[in-house]
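One structure is given here, and the rest of the page talks about it.
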Protein chains: 2
Amino acid sequence: MTNIHDIARLSGYSVSTVSRVINHRKYVADDKRLKIETIMRELDYVPNRLARDLSRGATKTIGVVLPYANHPYFARIVDGIVNTGFAAGYKITLLPTHYDLTVERNYLEQLRSKAFDGLIFTSRSGSMASLERYQKYGQIVCCEDPGKYCPLPAAYTDRANSYVDALTWAKKSGYQNVGVVLSRDNMISASARMTRQAYQQVYGDLADKNLFEGTVTYDDGYRAGEYFAKLNPAVDAVLANGDDIGAGIYQYYKDHQLTPIKVIGQENLLSSRLLGLPTIDHHLEALGQAAFELVISQTKKHQLIKSEFIER
Amino acid sequence: MTNIHDIARLSGYSVSTVSRVINHRKYVADDKRLKIETIMRELDYVPNRLARDLSRGATKTIGVVLPYANHPYFARIVDGIVNTGFAAGYKITLLPTHYDLTVERNYLEQLRSKAFDGLIFTSRSGSMASLERYQKYGQIVCCEDPGKYCPLPAAYTDRANSYVDALTWAKKSGYQNVGVVLSRDNMISASARMTRQAYQQVYGDLADKNLFEGTVTYDDGYRAGEYFAKLNPAVDAVLANGDDIGAGIYQYYKDHQLTPIKVIGQENLLSSRLLGLPTIDHHLEALGQAAFELVISQTKKHQLIKSEFIER
DNA sequence: ATAATTTATGAAACCGGTACCAGGTCAACT
DNA sequence: AGTTGACCTGGTACCGGTTTCATAAATTAT
């Protein structure tokens with residue numbers, strides 16, 4: 001593999017001069033620049049990215065920490081990150097955790113080892129404090145409501161309001177007894193808390209039997225539908241933690257020829273569109289874009305993305 | 001930032017010895033190993049990834065070239081790659097091209113500059129020959145039917161057979177006039193060719209009016225539905241190039257209260273499940289897994305993934 | 001008792017770049 | 001004439017590791 005020293009030796013000029021030519025810098029005589037460029041072309045030379053990154057101390061690579069790559073929620077965020085990153089000349093590396101704290105920690109260590117310029121946590125298992133400790137090794141952005149005091153930059157969606165919007169709409173539309181479906185864990189930790197808050201505000205206390213937890217997929221939603229149909233048939237509407245989950249609930253009622261209930265989904269995916277379910281679009285691509293912009297900035301801003309309730 | 005030399009100096013041993021400790025290699029006396037480990041812990045030392053990669057000449061990173069990140073077809077492949085890569089200790093970087101040949105070329109140059117150990121092309125715009133030229137800089141795997149002679153390793157799905165299966169099933173089920181919907185371009189270049197072949201085999205010549213091209217999304221499918229409904233109403237079934245596209249076709253007929261036609265989708269996504277459409281599952285996660293395994297192997301094998309027609 | 005291994009360690013070259021600094025030329029300005 | 005500053009070039013330290021090689025002590029085999 002030919003390197004910069006080969007080019008220097010063969011051209012008769014110094015490594016410094018070759019480096020200047022490579023980086024299109026001033027202060028190189030035209031004839032030498034030309035000769036060096038010719039030799040580089042002849043030898044089919046390309047500067048080594050790793051050496052350059054090591055020397056410069058930056059990789060132009062951002063790691064995106066997520067539980068799985070195949071979930072539509074994360075896929076939309078990643079899409080926003082990838083496209084914005086692409087435009088800015090950054091490489092995006094996917095870092096799946098499978099909710100394993102050790103793995104998450106390992107990615108933080110990789111940040112420390114300078115494998116990435118920064119990390120975006122679309123979801124976290126560890127504590128905020130653990131992330132905070134790694135801040136000095138690179139910019140860390142999280143995608144959740146930062147609350148009052150958050151030491152990290154954050155991009156987050158306006159769940160607080162959109163949940164209230166959705167539930168208020170449900171109430172106005174005459175739904176009396178609204179169930180809630182939440183995800184398995186603290187996947188989007190603030191999400192569950194805010195759903196409860198909004199519920200409290202609009203409908204009052206959330207009864208245990210109106211809550212079904214542990215849903216991530218369509219099949220989970222189907223099970224949730226079964227739960228409400230069999231054990232809490234008074235429920236006439238459900239706020240689901242995702243369109244595909246909502247589709248599962250809807251489909252259970254349909255498959256069993258029950259009186260349909262109103263299912264409100266989230267993310268504005270194709271499934272809610274096909275079934276005509278109301279949904280909340282959190283504008284996740286915009287969230288990803290904001291997260292990326294924060295990670296390459298050196299600010300600690302908190303960026304709010306408006307979300308939007310879509311009646312159907 | 002503390003480095004290996006600091007550790008060496010402070011421990012009183014040489015850089016070589018410290019390196020041996022870091023890499024858990026034999027031939028280090030227990031007392032020295034212990035002392036060095038203690039110092040590393042005290043100084044909160046982590047070896048620099050870039051320096052290591054540069055020295056070793058490998059990055060443990062694979063680039064995945066794709067048109068967009070947000071398309072379900074590619075998302076499923078990426079999922080397979082990411083999960084397999086994760087298990088093997090590799091990092092996966094997403095490289096979107098937006099079908100720009102210059103961008104694709106740029107990624108090949110990045111392979112040459114040693115930014116990746118290998119590349120997986122889930123789709124390509126450039127010629128096979130252009131990829132071939134870069135083989136010497138790292139393993140390049142493509143995800144398409146390699147045909148008779150393909151100089152590159154390839155992982156591909158059994159389209160040839162599943163298309164015939166699907167169309168044969170349609171014929172047996174009594175559908176007389178089958179339309180075909182194909183993607184915008186050579187996104188999965190072999191795909192279009194094989195669809196035509198299968199059509200030829202089962203139904204004979206594919207009339208121009210039975211073909212609608214340029215579909216990628218649900219909305220494209222909706223337009224395809226409009227096309228068939230208005231300009232070729234004799235069509236009683238359509239083979240679509242994806243479930244979401246198929247859903248669009250189906251929905252157009254439904255929205256306009258037309259006699260429904262049979263729509264056969266592809267990828268076995270939630271949309272076909274919700275609408276009860278038959279589909280072809282190409283097992284794209286398995287495809288991604290196979291592609292990853294090929295990229296880290298040094299072989300030039302061609303790996304076939306069986307696909308499966310799902311009646312509905 | 002001697003030869004052949006195995007174990008243990010450090011010096012130094014190497015991976016392939018960047019960037020600071022010193023030194024030199026030459027035209028322009030005071 | 002002397003100073004200033006822009007232009008050009010090379011030497012070399014540096015980024016932070018890995019790895020080969022030489023050397024020597026401790027075991028083991030013959």
Side-chain angles (χ1 to χ4, degrees), chain A residues 1-37 39-40 43-61 91 109-117 137-138, chain B residues 1-37 39-40 43-61 91 109-117 137-138:
Chain A
M1 202 84 310
T2 108
N3 62 29
I4 197 173
H5 294 94
D6 298 331
I7 305 294
R9 188 164 26 78
L10 287 166
S11 65
Y13 304 116
S14 73
V15 177
S16 322
T17 302
V18 177
S19 179
R20 282 186 201 103
V21 171
I22 292 171
N23 295 290
H24 307 101
R25 286 232 285 279
K26 289 203 305 182
Y27 304 146
V28 179
D30 281 347
D31 55 335
K32 311 195 174 171
R33 157 165 286 135
L34 224 63
K35 174 160 187 188
I36 288 173
E37 283 175 343
I39 292 184
M40 292 200 299
L43 293 200
D44 205 31
Y45 165 77
V46 175
N48 182 298
R49 189 53 153 267
L50 290 171
R52 177 178 284 187
D53 287 350
L54 173 61
S55 197
R56 290 218 246 249
T59 59
K60 287 256 181 182
T61 301
K91 292 191 285 282
E109 289 293 315
Q110 291 194 32
L111 177 67
R112 241 179 80 187
S113 77
K114 298 291 169 197
F116 310 111
D117 291 351
Y137 306 113
Chain B
M1 201 85 315
T2 109
N3 62 28
I4 199 173
H5 295 93
D6 298 332
I7 305 294
R9 190 164 24 78
L10 288 165
S11 65
Y13 304 116
S14 73
V15 176
S16 326
T17 303
V18 176
S19 178
R20 283 187 201 101
V21 171
I22 293 171
N23 295 290
H24 307 100
R25 285 235 283 279
K26 290 202 304 182
Y27 306 146
V28 180
D30 282 347
D31 56 334
K32 310 193 176 172
R33 157 164 286 136
L34 224 64
K35 175 159 184 188
I36 288 173
E37 283 174 344
I39 293 184
M40 292 199 302
L43 293 199
D44 206 30
Y45 166 77
V46 175
N48 183 297
R49 188 54 153 267
L50 290 170
R52 178 177 283 188
D53 287 351
L54 172 61
S55 199
R56 292 218 244 252
T59 59
K60 286 253 177 187
T61 302
K91 294 193 283 284
E109 288 292 315
Q110 291 193 32
L111 176 68
R112 239 179 83 186
S113 77
K114 296 292 166 195
F116 310 111
D117 291 351
Y137 306 113

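Chain letters run A, B, ... following the sequence lines, proteins first and then strands; every chain starts at 1.
- If you check every strand for non-hydrogen atoms under 4.0 Å, Val18(B) touches nothing.
- Look at Tyr27(A) and you won't find any side-chain N or O under 4.0 angstrom from OP1 or OP2 of dC8(D).
- Using a 4.0 Å heavy-atom cutoff across all strands shown, Val21(A) reaches no nucleic acid atom at all.
- Rounded to an integer number of Å, the gap from Arg56(A) CZ to dG16(D) C1' is 17 Å.
- For the pair Asn48(B) and dC15(D), the criterion of a side-chain N or O lying under 4.0 Å from OP1 or OP2 is not met.
- If you run side-chain contact (heavy atoms from CB on, under 4.5 Å) between Met40(B) and each of Ile7(B), Ile4(B), Val46(B), only Ile7(B) comes through.
- Between the CD1 atom of Ile4(B) and the P atom of dC15(D) there is a distance of 14 Å, given to the nearest Å.
- In this structure, Ile7(A) atom CD1 and dC15(C) atom C1' are separated by 16 Å, rounded to whole Å.
- The side chain of Ser55(B) sits closest to dT18(D) out of dT18(D), dT18(C), dG10(D).
- Of the N and O atoms on the side chains of Asp117(A) and Thr59(A), at least one donor lies less than 3.5 Å from an acceptor on the other residue.
- Lys26(B) comes within 4.0 angstrom of the backbone, heavy atoms only, and of no base.
- Residue order along DNA chain C, read from the 5' end via each residue's closest nucleotide, puts Thr17(B) first among Thr17(B) and Met1(A).
- Donor-acceptor pairing under 3.5 Å is recorded for the side chains of Ser14(A) and Thr17(A).
- In this structure, Ile36(B) atom CD1 and dG17(D) atom P are separated by 14 Å, rounded to whole Å.
- Going from atom NE2 of His5(A) over to atom P of dT12(D) covers 12 Å, rounded to whole Å.
- Of the two residues contacting DNA chain C, namely Pro47(A) and Ser16(B), the nearest-nucleotide position lying further toward the 5' end is that of Ser16(B).
- Looking at heavy-atom distances under 4.0 Å, Asp53(A) makes no contact with the nucleic acid at all.
- Using a 4.0 Å cut-off between charged nitrogen and carboxylate oxygen, Lys114(B) and Asp53(B) do not count as a salt-bridge pair.
- If you measure from atom CG of Leu54(A) to atom P of dT18(D), you get 12 Å, rounded to the nearest angstrom.
- For Ser14(A), taking side-chain heavy atoms from C-beta onward, the closest of the listed nucleotides dT18(D), dG16(C), dG11(D) is dG11(D).
- Heavy atoms of Val15(B) sit under 4.0 angstrom from at least one base atom.
- A heavy-atom distance below 4.5 Å is not found between the side chains of Lys32(B) and Val21(B).
- Of the listed nucleotides (dG16(C), dT18(D), dT9(C)), dT9(C) has the atom at the smallest distance from the side chain of Arg20(B).
- Of the side-chain N and O atoms in Tyr13(A), none sit less than 4.0 angstrom from OP1 or OP2 of dG11(D).
- Considering only side-chain atoms of Lys32(B), the nucleotide from dT18(C), dA8(C), dT9(D) that sits closest is dA8(C).
- If you measure from atom CG of Asp6(B) to atom C1' of dC15(D), you get 13 Å, rounded to the nearest angstrom.
- The shortest distance between the side-chain N/O atoms of Asn23(B) and the OP1/OP2 oxygens of dT18(D) is below 4.0 Å.
- Distance Arg25(A) CZ to dG10(D) C1': 14 Å, rounded to the nearest Å.
- For Arg49(A) and dG16(C), a side-chain-to-base donor-acceptor distance below 3.5 Å is absent, hydrogens and geometry of angles not being considered.
- Side-chain contact between Asn48(A) and Asn3(A): absent, with no pair of heavy atoms (C-beta onward) separated by less than 4.5 Å.
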